[in-house]
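Computed from heavy atoms alone, side chains included, the values below leave out hydrogens, waters and symmetry copies. Protein chains get the first letters and strands the later ones, always in sequence-line order, with residue 1 at the start of each. All values reported here derive from a predicted model rather than from experimental measurement.
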There are 2 protein chains.
Amino acid sequence: METWKEFEANELTHSAAHHLLAIYEVGLEYGGWARVSDIARELNITRGSVSINLRALKKRGWVETDEHHMVKLSPKGQKAAQAVMAKKAVVKTFLSSVLNVPELQAEIDSCKVEHLISQPTGEQLVHFMRFLVSGDPLAKQVLARFKNFHDQCPESKTCEVCHGHCLIEELQHAGL
Amino acid sequence: METWKEFEANELTHSAAHHLLAIYEVGLEYGGWARVSDIARELNITRGSVSINLRALKKRGWVETDEHHMVKLSPKGQKAAQAVMAKKAVVKTFLSSVLNVPELQAEIDSCKVEHLISQPTGEQLVHFMRFLVSGDPLAKQVLARFKNFHDQCPESKTCEVCHGHCLIEELQHAGL
DNA sequence: GACACTTGTTTGGTATGTCAAACATAAAAA
DNA sequence: TTTTTATGTTTGACATACCAAACAAGTGTC
């Protein structure tokens, strides 16, 4: 009932997550260190915004700075950035490789949800993808058949997501 | 490069989506109509917040009001609410029934991403779920085998989502 | 009719996250 | 050394989204 407020309570905001990713990205070329203007350039926002945002990220222990304004991820920040990247990657791969969602759309969608996926869900999706590439012939077959199914699906032409609602009943009838 | 800003550009905010859902929910018992205080009670926020938020929703054409402050979804708002509900439902079902994510976690995760899933992605996920319950024996087998795989997965104990990063390389090698 | 209750709106406050513009300082070029 | 440029911070502004509290306008009861 109250689940909808969990969104607000999410550990990382989208903005915060991308600040961490930007620091990680810039840091790759500078031994883990980044400057405010690098981060701003990476995110395409102003230095002022980054300056203010970093204050909050520091206070919450995601990033650290030295006396020359150099910024790096804290261990906690590294873990968080790593988790976000992994979730994005696995979601994007699932969308584009299994669901056959166009590359760009998969990129956009995975980027939107990357920081919202819980650890258990992320892990299970990793398992699922690992299973699908495990060499199990069944997995290969099923992916191939889904591609065909999609092309032949009687609902293919009319199918909009709003149909998903009745689908749920179908799914429950199927005892799934 | 600029993909991360798509989050801000999303058609519906999380808050807006749940206002629409609340109006829909309340409306079920009152012929489609809802009052500010009903919506506030449903969302567990103050009437003042709802009053202000409805102004924006009206301006953008998601909701309409009559002269007695009664609120209902516009056709556009109905479509949007329907789409959000469907996306949430199909994601939740996928998480809990295919990935075996615990019910509550599936509820939370699907609620967080429901309004962020694009139409193509939602549709493809519907197709995928439909395929999995299509009666195709392959689909049944594969779901059963994934459950086993999960229990036997060598990474099962150590697996954290951060491992997903290397997984992606695996996936690419597999030509997936 | 008078009083209390419900309802919707408004106001002032907080918090996040962006901008532009002004500012101070540090680094590089002349 | 002086000047220019680059960098980081601060300020005032705007937008979203919440709160509490005050307020106005109906609704109901006695």
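When distances are taken from the side chain of B:T46 to each of D:dC19, D:dT16, C:dG17, the shortest belongs to D:dC19. Counting only heavy atoms from C-beta on, A:S15 has its side chain closest to C:dG17 among D:dT9, D:dC18, C:dG17. Distances were taken from every side-chain heavy atom of B:I45 (C-beta onward) to each of D:dC18, D:dG8, C:dT18; the shortest belongs to D:dC18. Distances were taken from every side-chain heavy atom of A:T13 (C-beta onward) to each of D:dG8, D:dC18, C:dT16; the shortest belongs to C:dT16.
Atom-to-atom, CH2 of B:W33 to P of C:dG8 comes out at 13 Å; the value is rounded to the nearest Å. When rounded to the nearest whole Å, the span between NE2 of B:H14 and P of D:dA17 equals 11 Å. Remark: P of C:dA26 and CE of A:M70 are 16 Å apart, rounded to the nearest angstrom.
Each of B:R47 and A:V50 has a nearest nucleotide on DNA chain D; the 5'-most of these lies closest to A:V50. Where B:I52 and B:D38 each meet DNA chain C at their nearest nucleotide, the meeting point lying more 5' is that of B:D38.
The bend of the helix from C:dG1-D:dC30 to C:dA30-D:dT1, defined by the angle between the axes of its first five and last five pairs, stands at 10° to the nearest 10°.
Within the nucleic acid shown, A:S37 comes within 4.0 Å of sugar-phosphate atoms alone, with no base atom in reach, counting heavy atoms only. Contacts of A:R55 with the nucleic acid, taken as non-hydrogen atoms under 4.0 Å apart, involve only primed sugar atoms and P, OP1 or OP2. Within 4.0 Å of B:H19, counting heavy atoms only, lie sugar-phosphate atoms of the nucleic acid but no base atom.
Ring-plane geometry between A:F94 and B:F128 is classed as perpendicular, the angle between the planes exceeding 60 degrees on a 0 to 90 degree scale with a lower cut at 30.
Just one residue in the list B:K87, B:K88, B:H18, B:K92 forms a side-chain hydrogen bond (donor to acceptor under 3.5 Å, both in side chains) with B:E114, and that residue is B:H18.
Of all heavy-atom pairs between B:N53 and B:H19, the closest is ND2-NE2, 3.1 Å.
With respect to the salt-bridge test (charged N to carboxylate O, under 4.0 angstrom), the residues B:D109 and B:K112 do not qualify.
Residues of residues 57-68 of chain B that place a heavy atom closer than 4.0 Å to DNA chain D, in numerical order, are B:R60.
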